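Note that the structure is predicted; figures quoted are calculated from it, not measured.
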Amino acid sequence: MGVARKRIGILTGGGDVPGLNAIIKTVTYRGSEDDIEVVGLRRGWEALTHLNLDDPASKSHYLIPLNRENTRIIDRRGGTVLHSSRTNPSKMKKLPDHLVGQDLPVSESAKGGISTKTWDLTGQVLANLSGLGIDHLIAIGGDDTLSYADKLSGLGVKIIAIPKTMDNDVRNTEYCIGFSTAITRASDAIQRQRTTVGSHERVGIFRIFGRDAGFTALYTAYATSIRCVIPEYKVNLDKLIELLREEKRANPSNYALIVLSEGAEWEGYKMQEYGEPDAYGHRKRTSVAEALAEEIKQRAGEETIVSDLTYDLRSGDPDFIDKLVALTFGNMAYDAILEGKTGLMSALVEGRYDLVPIPDARLGPRVLDVASTYNTERYRPLYSNKRGLPIFLNRAS
């Protein structure tokens, strides 16, 4: 018997972003040169909770052996060929059919008089990794996906993480894959829509992803020279409306623009949520842009146009920066595996590529430093004092 080949597993979790396929391809190609098998785990963490190793249909649904042939052209487009899910193996609301009736760790929580049961399928995840003979795992995702990667690392699984989220709010890195393309797309959309907002002499209100952090809104505002409201700072509503009215009057085309993070609030306004929480406890948020439009109409009698910049910003092909960073993060993760490292994440720190610890999930997402990035008088990005900052104008925290 020869020695078994080394085997790497790779998965993508949470929302898709452009650049993921470039990581999958580069890891696969390098593995083929080193005679290392690369197995694609499909649908994020669900692959490891739902996989039934005794069922060939389940295996083909959740596993794909990756090779040069089936990854050759995948980096030419966005999304993820491995598919994705928002699965939290520590808190499963529903068991896969083949596990129903088994004695698994369960916890009950009551909220608003409704009690919910969740199962912790971590034992199943570990058993599946072992059954698949996966020596090392690459987990690509945002806070939620990486919070579970951190848990597995603590349990001794050899794992390297890669940060991806257009919100750019993963700790320990200045950059997450998807951020540059999202800002590029948002800027393009706003510049196009100026013609409509200007033609109708209105206030254009843009809502952009960013539940807890204002990176996408602030950087879009920075690049397009408009105002923004971010979750990290509650603005005064009357002052905000007055600033927008002044700006509109001063504009030869009689219009003004503003971009809001989905998690932005002003003094006296509390974000409303609706619907069922997802696997990580997040519910959908009512549109802060619609709420602001209503306030502007009531308080100032101004007409508005509301535009939602959400899924489109992470669809389609990556821009150069996302492709560059994705490829580099992927290659760093692969190098780290060759060196036997674990519990680390590819990152940019002080503008340089580095390996850092997978963030501690208990700290929550990274947020903007208001004092150095946001002008609380003018409700705009700060444009001064950038000398000495890394390329993405923020430091890992």
Considering residues at least two apart in sequence or located in another chain, which fulfil the side chain to side chain donor-acceptor pair (under 3.5 Å) criterion with [X]?
{"X": "T373", "result": "none"}
{"X": "T118", "result": "S107"}
{"X": "E69", "result": "none"}
{"X": "N251", "result": "none"}

Could you give all pairs that pass the salt bridge (Lys or Arg N to Asp or Glu O under 4.0 Å) test and reach [range], with sequence neighbours left out?
{"range": "residues 166-179", "answer": "none"}
{"range": "residues 115-141", "answer": "D120-K151"}
{"range": "residues 374-385", "answer": "K239-E377, E247-R380"}
{"range": "residues 137-148", "answer": "none"}

Residues in side chain to side chain contact (heavy atoms under 4.5 Å, CB included) with D75, at least two apart?
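With neighbours one apart ignored, the set is A22, K25, K323.
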Quick one: list whatever passes side chain to side chain contact (heavy atoms under 4.5 Å, CB included) with S372, sequence neighbours left out.
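Side chain to side chain contact (heavy atoms under 4.5 Å, CB included) list for S372, sorted by chain: D369.
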Side chains of residues 352-362: which donor-acceptor pairs under 3.5 Å do they make with residues two or more places apart or in other chains?
unit_1: D360; atom_1: OD1; unit_2: R362; atom_2: N; d: 2.9
unit_1: D360; atom_1: OD1; unit_2: R362; atom_2: NE; d: 3.1
unit_1: D360; atom_1: OD2; unit_2: R362; atom_2: NE; d: 3.3
unit_1: D360; atom_1: OD2; unit_2: R362; atom_2: NH2; d: 2.9

Look at E302 together with R202 and state whether they make a salt bridge at an N to O cut-off of under 4.0 Å.
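No, this pair does not count.
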Picking from R249, R299, K248, what satisfies salt bridge (Lys or Arg N to Asp or Glu O under 4.0 Å) with E242?
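Going through the options one by one, the only one that passes is R249.
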Ring centroids only, cut at 6.0 angstrom: are F179 and F392 within range, meaning strictly under it?
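When the ring centroids of F179 and F392 are compared, they turn out to be at least 6.0 Å apart.
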Please confirm whether the backbone N or O of I23 pairs with a side-chain atom of T26, one donor and one acceptor, at under 3.5 Å?
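No: the side chain of T26 does not pair with the backbone of I23.
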Any donor-acceptor pair under 3.5 Å linking the side chain of R185 with the backbone of R314?
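No, R185 side chain to R314 backbone: no donor-acceptor pair under 3.5 Å.
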Selection residues 125-145 - residue pairs positive for ring-ring contact (aromatic ring centres under 6.0 Å, His included), sequence neighbours left out
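Every pair satisfying ring-ring contact (aromatic ring centres under 6.0 Å, His included) with a residue in residues 125-145: there are none.
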Please check if atom NZ in K158 has more than 12 non-hydrogen atoms from other residues, nucleotides or ligands closer than 6.0 Å.
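No, because the 6.0 Å sphere around NZ of K158 holds 12 heavy atoms or fewer from other groups.
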CA sep, side-chain torsions, deciding dist, call: Y334, D34, side-chain hydrogen bond (donor to acceptor under 3.5 Å, both in side chains):
CA-CA 11 Å; Y334 184 83; D34 295 328; 2.5 Å; yes
Parallel, tilted or perpendicular: which describes the rings of Y148 and W45, with under 30° parallel and over 60° perpendicular?
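Geometry flag for W45 against Y148: perpendicular rings.
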